[in-house]
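Along the sequence shown, residues carry numbers from 1. Hydrogens, waters and symmetry mates play no part in the numbers below; they use all other heavy atoms, side chains included.
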Amino acid sequence: MNSILKPTNKIHDYSAQLAALQAGVFGDPFSFLGAHKLSDTEYEVRVYLPSAKHVSLVGKNHKSVFKRYVNSDLFLVRVNKDDLPIPYKLDVAYADQTVLKDDVYRFGSNLSDSVLYLFNEGTLEHAYRHLGAHFVSHENVSGVRFAVWAPNAQSISVIGEFNCWQRTEHFMRKHPASGIWELFIPALNAGQIYKYSVVDSYGNVNDRADPFAFKMQQAPGTASVIQPLTVRKKPSSKQLNSRAKRNKIDAPISIYEVQLGSWKRRAEEGNRFLTYRELADDLLPYVKDLGFTHLQLMPVSEYPFDGSWGYQPVGLFSPTSRFGSYDDFVYFVERCEDENLGLLIDWVPGHFPSDPHGLHKFDGTHLYEHADVRQGFHPDWNTYIYNYDRPEVKSFLLANAMYWLSEFNLDGLRVDAVASMLYLDYSRNDGEWIANKHGGRENLGAIACIQDVNSRCYGHNPNIMMVAEESTAWPGVTNSVNNNGLGFGFKWNMGWMNDSLNYVSRDPIHRRYHHHEMTFSMAYAYSENYILPLSHDEVVHGKGALLSKMPGDDWQQFATLRAYYGFMYAHPGKKLLFMGSELAPRSEWDHNQGLDWQLLDSAAHSGIQATVKLLNHVYKKQSALHECDNSPAGFQWIDGDNAEQSIFSFARYGHSKDDLIVVISHFTPQVFHLYRVGVPQRGVYEVILNTDDENLHGSGVKAVAAKQQLIESTSTPAHGFDNSIVLTIPPLATVYLKRITG
């Protein structure tokens with residue numbers, strides 16, 4: 001047994017250090033542990049190794065036995081300067097094994113001063129490459145560097161299965177000026193789980209997940225997982241060119257929104273989730289076959305509670321393990337690229353949950369959030385709000401956005417709940433919020449943060465899409481930052497969605513009194529670069545399914561939904577449909593179940609799917625339907641005032657005025673024969689879509705009796721135009737007519 005070293009003089013009295021080590025509270029471990037110079041010729045090496053029986057210091061040609069300090073787990077050995085092996089190792093004997101390992105306290109820092117400076121400045125774009133757990137080679141030794149920001153902690157230890165979750169073995173080094181703690185631990189393996197044991201300024205101990213972890217345990221587990229940063233294969237120049245084309249402002253952009261856990265389940269296997277690889281095999285071909293250009297995933301950052309659908313994430317840098325490994329997610333992303341399918345993910349910088357292993361009071365203080373609940377807490381969601389004024393929080397959020405775009409080469413991010421970030425009084429009554437320094441309600445820190453994220457993301461990742469879910473009339477959401485805008489590429493058109501859904505939800509006999517709900521959107525259609533969303537938000541929380549919103553009997557409900565989709569695809573703005581919209585379910589979305597695919601056994605439901613597929617095909621093929629979405633030159637009312645018959649007629653143009661499609665949407669169950677419609681140009685018009693077509697499970701009323709579905713204009717004036725056509729208006733239907741000859 002090792003001899004026991006008792007303190008005999010002041011230099012050997014380590015009782016205070018020992019008490020701190022035993023208590024698991026040691027704020028400056030490198031000042032005591034490791035090799036320390038006692039004189040010009042002598043060093044003392046100190047190690048604290050709980051449960052160790054014997055410890056020896058080992059070099060290439062040297063071995064010294066440590067002595068136990070006063071019956072504790074602190075071991076000491078004195079070595080002459082010339083005998084101190086550099087580097088040295090520790091030969092540690094435990095009850096059941098002997099381990100040869102490096103002393104973590106012999107290594108210098110592995111973080112540069114510039115990294116620390118930029119993080120504190122709020123501009124460390126790739127902070128995730130420095131903070132968190134990273135496999136590195138440090139001083140010719142392979143291991144993992146851990147780094148975490150917690151400026152107000154007394155002490156932080158790395159705990160995990162590799163040290164039996166003891167917070168007394170791996171105390172971290174603090175960089176006082178930056179508030180970042182760091183430790184390099186050799187010989188760790190991918191897949192090992194860990195946390196940070198944080199002793200706050202009050203002495204409370206909380207075990208926290210790593211905010212920068214690339215992998216986390218699936219709930220109910222709360223630990224982080226050591227995961228190397230797997231770099232996905234770089235897109236080819238051809239793929240990059242394809243991305244540039246599909247994300248342009250004049251491109252046909254049709255987005256299929258998906259919650260990965262409920263698109264499809266394996267009912268025969270306990271209703272389990274599909275894996276990322278199974279989704280790549282099943283989901284991607286399906287989306288491509290339907291003709292969508294983009295896939296948008298509801299949040300995939302790790303989240304503890306299934307019922308949050310991912311909108312209350314704890315692991316912002318961790319693709320959720322519900323559907324497989326990190327590499328499986330990389331595979332899914334690469335398959336999207338191979339399929340020329342744009343991939344967007346939901347990004348949630350607007351709030352974070354109160355889970356005890358998460359960010360709230362991370363070091364015992366309100367570090368990531370404001371201390372005042374009037375600024376730092378969301379009453380609606382029972383979540384916390386990031387302190388966007390704090391530079392380190394800006395580095396955290398900026399790095400997270402850059403991570404998803406740079407490491408996975410995604411097409412873009414859809415930013416959730418932007419309005420909740422922009423307004424200090426969002427969902428608050430008088431007296432429940434604090435004005436900004438100018439006395440206004442604008443969250444200046446959030447605005448600056450959003451602008452910086454957008455500018456840097458676009459600057460480093462050309463041809464992406466940054467999309468805002470912003471529900472107010474905030475000006476310039478899609479203006480460039482240089483033009484005092486927020487710098488987004490696109491904005492969801494929530495006004496169009498609310499107004500149009502209100503309209504189609506009314507009984508046809510009452511629609512004449514609400515005609516403006518379908519036309520008002522054109523008063524502001526070019527104020528932003530819009531996406532028309534029929535998202536998950538419209539089919540949850542008691543709102544019912546889209547089909548159930550439509551009045552009337554079965555026939556009217558399905559016909560109205562087809563006509564509504566036809567109107568949507570012709571209206572200026574890119575398109576987004578939530579998964580299942582193409583199946584027309586009768587009940588609202590349930591995240592605990594897969595979609596009801598048996599609906600496709602019904603001709604009515606499969607007719608909706610066929611309608612969506614046809615609309616996507618026509619939309620992509622006909623440049624008049626997408627090239628000038630953001631320009632008044634792309635749209636012209638023919639008759640926007642026919643409230644009595646609930647008929648809307650308008651023209652869509654491409655870059656060329658000769659590229660013309662006439663659109664007629666009718667929202668009553670009547671049929672109107674010999675209906676005259678003015679047309680902007682003379683010529684022959686072809687019916688290229690009729691949502692009442694029998695192939696779509698419509699009633700089969702043809703707009704044009706001729707077999708070729710062609711109709712020639714005459715010089716009879718109508719609706720202020722010199723030329724017109726006469727056709728039959730089918731019931732509850734949308735018709736597209738393309739001018740094919742002059």
Side-chain angles (χ1 to χ4, degrees), residues 1-39 42-57 64-79 90 92-95 99 101-107 109 146 148 150-160 162-176 179-185 194-208 361-365:
M1 180 175 178
N2 286 351
S3 61
I4 298 175
L5 180 68
K6 297 181 179 179
T8 58
N9 53 50
K10 187 175 182 180
I11 195 170
H12 291 146
D13 183 6
Y14 299 141
S15 55
Q17 291 92 331
L18 177 59
L21 290 167
Q22 290 173 330
V25 185
F26 211 107
D28 190 9
F30 283 84
S31 68
F32 178 70
L33 298 175
H36 290 268
K37 187 176 181 180
L38 297 181
S39 68
E42 191 175 36
Y43 280 78
E44 185 172 66
V45 182
R46 308 168 192 136
V47 296
Y48 187 75
L49 296 169
S51 303
K53 301 298 183 184
H54 308 282
V55 185
S56 297
L57 184 145
S64 300
V65 178
F66 282 80
K67 294 182 179 181
R68 189 185 295 271
Y69 181 77
V70 291
N71 240 353
S72 70
D73 291 320
L74 175 63
F75 295 84
L76 312 173
V77 65
R78 287 191 176 186
V79 184
L90 303 176
V92 186
Y94 295 97
V99 179
K101 63 182 183 178
D102 288 284
D103 180 5
V104 299
Y105 297 105
R106 77 167 179 84
F107 295 96
S109 173
F146 296 89
V148 63
N152 303 304
Q154 287 191 53
S155 173
I156 301 183
S157 302
V158 182
I159 59 174
F162 42 82
N163 61 16
C164 299
W165 300 95
Q166 298 181 99
R167 62 187 179 93
T168 55
E169 185 166 349
H170 288 122
F171 297 98
M172 303 182 78
R173 165 197 283 118
K174 184 178 183 180
H175 296 268
I180 290 176
W181 299 73
E182 172 204 8
L183 189 67
F184 172 73
I185 304 179
Y194 71 98
K195 283 186 177 182
Y196 297 118
S197 185
V198 180
V199 182
D200 68 25
S201 55
Y202 303 102
N204 302 312
V205 181
N206 291 287
D207 296 342
R208 300 287 189 168
K361 297 187 75 172
F362 189 84
D363 65 357
T365 65

List the residues meeting side-chain hydrogen bond (donor to acceptor under 3.5 Å, both in side chains) with [X], not counting sequence neighbours, and say none if there are none.
X: K195; answer: T222
X: N152; answer: D363, T365
X: T168; answer: none
X: D207; answer: S197

Heavy-atom pair of closest approach, residues [X] and [Y]:
X: V45; Y: F66; result: O-CE2, 3.4 Å
X: A153; Y: I156; result: CB-CG1, 3.9 Å
X: Q166; Y: S51; result: OE1-OG, 4.3 Å
X: S157; Y: R167; result: OG-O, 2.7 Å
X: S155; Y: G24; result: OG-O, 3.9 Å
X: D200; Y: G364; result: CB-CA, 3.5 Å

Exercise for the section: Not counting sequence neighbours, which residues clear ring pair (Phe, Tyr, Trp, His ring centres under 6.0 Å) with Y105? List them please. Expected result: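 For Y105, the residues satisfying ring pair (Phe, Tyr, Trp, His ring centres under 6.0 Å) (neighbours in sequence not counted) are F30.
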Practice task
Apply ring pair (Phe, Tyr, Trp, His ring centres under 6.0 Å) to Y48 and list each qualifying residue two or more places apart in sequence or on a separate chain.
Solution key: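 Ring pair (Phe, Tyr, Trp, His ring centres under 6.0 Å) list for Y48, sorted by chain: empty.
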Which distance, rounded to the nearest 0.5 Å, do you find between the [atom1] of [X] and the [atom2] of [Y]?
X: L76; Y: L57; atom1: CG; atom2: CG; value: 12.0 Å
X: E44; Y: Y14; atom1: CD; atom2: OH; value: 3.5 Å
X: Q22; Y: S15; atom1: CD; atom2: OG; value: 10.0 Å
X: H36; Y: Y43; atom1: NE2; atom2: OH; value: 11.0 Å

Exercise for the section: Any chance you could lay out the side chain to side chain contact (heavy atoms under 4.5 Å, CB included) test for L49 and D73, step after step, and finish with the verdict? Expected result: CA-CA 6 Å; L49 296 169; D73 291 320; 5.8 Å; no
Practice task
Report yes if some heavy atom in the side chain of L74 is under 4.5 Å from a heavy atom in the side chain of Q17; otherwise report no.
Solution key: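 The answer is no, as the side chains (C-beta and beyond) never meet within the 4.5 Å cut-off.
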Handout entry: 4.5 Å side-chain heavy-atom contact, L33 and L21
Key =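 L33 vs L21: side chains touch.
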So, [X] side chain and [Y] main chain: donor-acceptor pair closer than 3.5 Å or not?
X: K174; Y: P29; result: no
X: Y196; Y: V148; result: no
X: R68; Y: H54; result: no

Exercise for the section: Please list all pairs passing the salt bridge (Lys or Arg N to Asp or Glu O under 4.0 Å) test where one or both residues lie in residues 21-31, with sequence neighbours left out. Expected result: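 Those involving residues 21-31 do not exist here.
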List in chain and number order the residues that pass side-chain contact (heavy atoms from CB on, under 4.5 Å) with [X], two or more places apart in sequence or in another chain; answer none if no residue qualifies.
X: N163; value: I159, E169, H170
X: A20; value: F26
X: V99; value: Y94, Q97, K101
X: E182; value: S109, N110, L111, R145, R173, H175

Problem - Partner set under salt bridge (Lys or Arg N to Asp or Glu O under 4.0 Å) for D103, not counting sequence neighbours - result: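 Applying salt bridge (Lys or Arg N to Asp or Glu O under 4.0 Å) to D103 gives none.
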